[in-house]
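To keep things clear, I will list the structure first and then write my remarks on it.
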Amino acid sequence: MSTDYQRAREELGRRLRELRIENPDGRLTGTELAQRLGWPQSKVSKLENGRQTPTVEDLRSWADATGQPAAGDELCARLKGFESQIRSWRRQLAAGHRPVQDSWNTVISNSTIVREWETSLVPGLLQTADYARHVFQGHSQLQNSPRDTEDAVRARMKRQEWLYRPGKQLHLLVWEGALWARVCPPDMLAAQLDRLLGVVGMDTVHLGIVPLDAKLGLNPANGFCVLDERLVVVEDWHAELWLDDAETIALYRRVWDTFAESAVFGAEAQQVIARVRRSIKV
């Protein structure tokens, strides 16, 4: 089934094809346009068929090469419209992790209730500085992005002030496998698990752990956040999806509620965390 994002990309591709065909100097073939642009012909084909997302530079070059530079603004507006839903890490991290963390700080600050499902890591709102540092370092290396690790860590730690503001609520579900993930040295992971043990019982934090042997209604899949029933953010290796239509938000709430049925809370959650903590040799 085609997603809204893919449909928008296909529509943009059709518009690009129109510009190529309606070239004032006469209809261009895809090969001729590729030669003008200095691109492989396959890139022209992929863009027109909605199989590749263009950059702003691609769109302006296309408008110029087809003799219709005034169309550049229209094309870029179309791109901005559907990219508001998918935020590639390559573009987000062009200036490092700190700007991304600052953006998240604003989103969280403006939220009252955050529901999160996490399958692979301790969530950022509960990370220790050492744990966060190793996470940022790993992702900087993966994405080949600027190394602003210390600034990013400070921004993430500042976001945690939200947990101590009256009226805020974090409803967090964590797959037990995330507690075992050795993304940092053993002593730092042990300290991170101690931090989790300490937040159980906080007025603003409702932490549930889904044990490895729990019966599941769904496969664990991707982690996500639901913010105030107004926005869902889903993280993948290439991008974040920011989704705000009511039907999608309702779907993710049903997913969250399904995992909540498999979770343990309070003292039982502490027992699971403590079991993992005892396994770590420091």
Heavy-atom check, side chain of Asn110 versus side chain of Trp162, under 4.5 Å:
no
Does any part of the side chain of Trp237, heavy atoms only, come nearer than 4.5 Å to the side chain of Gln143, both counted from C-beta?
no
Taking all non-hydrogen atoms of both residues, which atom of Asp151 and which atom of Arg154 are closest, and how far apart?
OD1-NH2, 2.5 Å
Within a 6.0 Å radius of atom NZ on Lys46, are there more than 12 heavy atoms belonging to other residues, nucleotides or ligands?
no
Under the criterion side-chain contact (heavy atoms from CB on, under 4.5 Å), I'd like the reasoning laid out for Arg159 against Asn105: C-alpha separation, chi angles, the key distance, then a yes or no.
CA-CA 5 Å; Arg159 180 151 79 246; Asn105 286 3; 2.8 Å; yes
Sidechain-backbone polar pair: Asp148 side chain, Arg98 backbone, donor-acceptor under 3.5 Å
yes
Quick one: NE2 on His206 to CZ on Phe265, what's the gap to the nearest 0.5 Å?
10.0 Å
Test item: Thr106 and Asp102 side chains (from C-beta on) under 4.5 Å apart, heavy atoms:
no
Keeping Gln127 on the side-chain end and Arg133 on the backbone end, is there a donor-acceptor pair under 3.5 Å?
no
Could you tell me if the side chain of Cys184 sits less than 4.5 Å from the side chain of Asp130, heavy atoms only?
no
Nearest heavy-atom contact between Ser120 and Ala178 is C-CB, 3.6 Å
Supply the atom-to-atom distance Ser140 OG to His97 NE2, rounded to the nearest 0.5 angstrom.
4.5 Å
In Å and rounded to the nearest 0.5 Å, what is the CG to CG distance from Leu16 to Leu59?
6.0 Å
Would you say Phe136 and Arg147 make side-chain contact, with heavy atoms under 4.5 Å?
no
Answer yes or no: is there a donor N or O on one side and an acceptor on the other, between the side chain of Asn23 and the main chain of Gly26, under 3.5 Å?
yes
Trp89 side chain to Asp236 backbone, donor-acceptor under 3.5 Å
yes
For Arg20, side chain to side chain donor-acceptor pair (under 3.5 Å) partners two or more places apart
Glu48
Quiz question: by atom type and distance under 3.5 Å, do the side chains of Gln101 and Ser103 form a donor-acceptor pair?
no
Residue pair Arg36, Glu32: steps toward the salt bridge (Lys or Arg N to Asp or Glu O under 4.0 Å) verdict
CA-CA 6 Å; Arg36 285 192 182 187; Glu32 289 169 341; over 6 Å; no
Determine, step by step, whether Arg230 and Ser111 satisfy the side-chain contact (heavy atoms from CB on, under 4.5 Å) criterion, reporting the C-alpha distance in whole Å, the side-chain angles of both residues, the deciding distance to 0.1 Å, and the verdict.
CA-CA 9 Å; Arg230 61 182 168 82; Ser111 301; 2.6 Å; yes
Spacing of Glu22 atom CD and Gln68 atom CD [to the nearest 0.5 Å]
6.5 Å
Short side-chain to backbone donor-acceptor contact, Thr204 and Leu163, under 3.5 Å
yes
Pair Thr55-Arg91, side-chain donor/acceptor within less than 3.5 Å
no
So which heavy atom on Leu37 is nearest to which on Ser61, and how close?
CD2-O, 3.5 Å
Approximate separation, where rounding is to 0.5 Å, of Glu116 CD and Leu125 CG:
6.5 Å
Backbone of Gly124 reached by a side-chain donor or acceptor of Gln160 within 3.5 Å
yes
Criterion side-chain contact (heavy atoms from CB on, under 4.5 Å) on Leu173 and Arg115, from CA distance to verdict
CA-CA 8 Å; Leu173 300 174; Arg115 287 181 173 84; over 6 Å; no
Just wondering, do His238 and Arg90 contact through their side chains at under 4.5 Å, heavy atoms?
no
Leu207 and Leu189: same hydrophobic cluster, using ILVMFWY side-chain contacts below 4.5 Å?
yes
How are the rings of Trp39 and Trp62 set to each other: parallel, tilted or perpendicular (split at 30° and 60°)?
tilted
Check for me, please, whether Leu227 and Leu251 land in the same ILVMFWY cluster - side-chain distances under 4.5 Å, paths through other members count.
no
Determine the interplanar angle of the Tyr252 and Phe224 rings, folded into 0 to 90°, and report it as parallel if under 30°, tilted if 30 to 60°, perpendicular if over 60°.
perpendicular
Group every Ile, Leu, Val, Met, Phe, Trp and Tyr by side-chain heavy-atom contacts under 4.5 Å, then state whether Met188 and Leu179 land in the same group.
no
Identify whether Ile108 and Val153 are in the same connected component of the hydrophobic contact network (ILVMFWY, side-chain heavy atoms under 4.5 Å).
no
Distance-minimising heavy-atom pair for Leu243 and Ile249
O-CG1, 4.1 Å
Is Arg165 salt-bridged to Glu161, going by a charged N under 4.0 Å from an acidic O?
no
Are any of the side-chain heavy atoms of Leu19 and Leu75 separated by less than 4.5 Å?
yes
Residues 272-282 vs side chain to side chain donor-acceptor pair (under 3.5 Å), sequence neighbours excluded, gives Glu176-Arg275, Asp194-Arg277
For Arg78 and Glu11, run salt bridge (Lys or Arg N to Asp or Glu O under 4.0 Å): C-alpha distance rounded to whole Å, both residues' side-chain angles, the deciding distance at 0.1 Å, then the answer.
CA-CA 9 Å; Arg78 286 173 178 254; Glu11 286 293 331; 5.1 Å; no
Measure the CG-CZ distance between Asn49 and Arg14 for me, rounded to the nearest 0.5 Å.
10.0 Å
Salt bridge (Lys or Arg N to Asp or Glu O under 4.0 Å) for Arg60 and Asp64? Distances and angles first, verdict last.
CA-CA 6 Å; Arg60 294 204 177 277; Asp64 290 341; over 6 Å; no
Quick one: do Gln52 and Ser45 satisfy side-chain contact (heavy atoms from CB on, under 4.5 Å)? Show the steps, please.
CA-CA 9 Å; Gln52 180 174 326; Ser45 177; over 6 Å; no
What class does the angle between the rings of His171 and Trp256 fall in, given that below 30° is parallel, 30 to 60° is tilted and above 60° is perpendicular?
perpendicular
What's the verdict on salt bridge (Lys or Arg N to Asp or Glu O under 4.0 Å) for Arg254 and Asp257, showing C-alpha distance, side-chain angles and the deciding distance?
CA-CA 5 Å; Arg254 292 197 300 274; Asp257 291 343; over 6 Å; no
Which heavy atom of Val234 sits nearest a heavy atom of Gly223, and at what distance?
CG1-O, 3.8 Å
Could you state whether Leu197 and Val210 fall into the same hydrophobic cluster, counting links through intermediate Ile, Leu, Val, Met, Phe, Trp or Tyr residues with side-chain heavy atoms under 4.5 angstrom apart?
yes
Counting only N and O atoms by type, is there a donor-acceptor contact under 3.5 Å from the side chain of Trp117 to the main-chain atoms of Pro220?
yes
Counting only heavy atoms not in Arg27, do more than 12 fall under 6.0 Å of its CZ?
no
Close side-chain approach of Thr53 to Leu79, heavy-atom, < 4.5 Å
yes
Considering non-hydrogen atoms only, spot the tightest contact between Ala94 and Pro146 and give its length.
O-CG, 3.4 Å
Is the backbone N or O of Ile113 less than 3.5 Å from a side-chain atom of Gln169, with the two atoms forming a donor-acceptor pair by type?
no
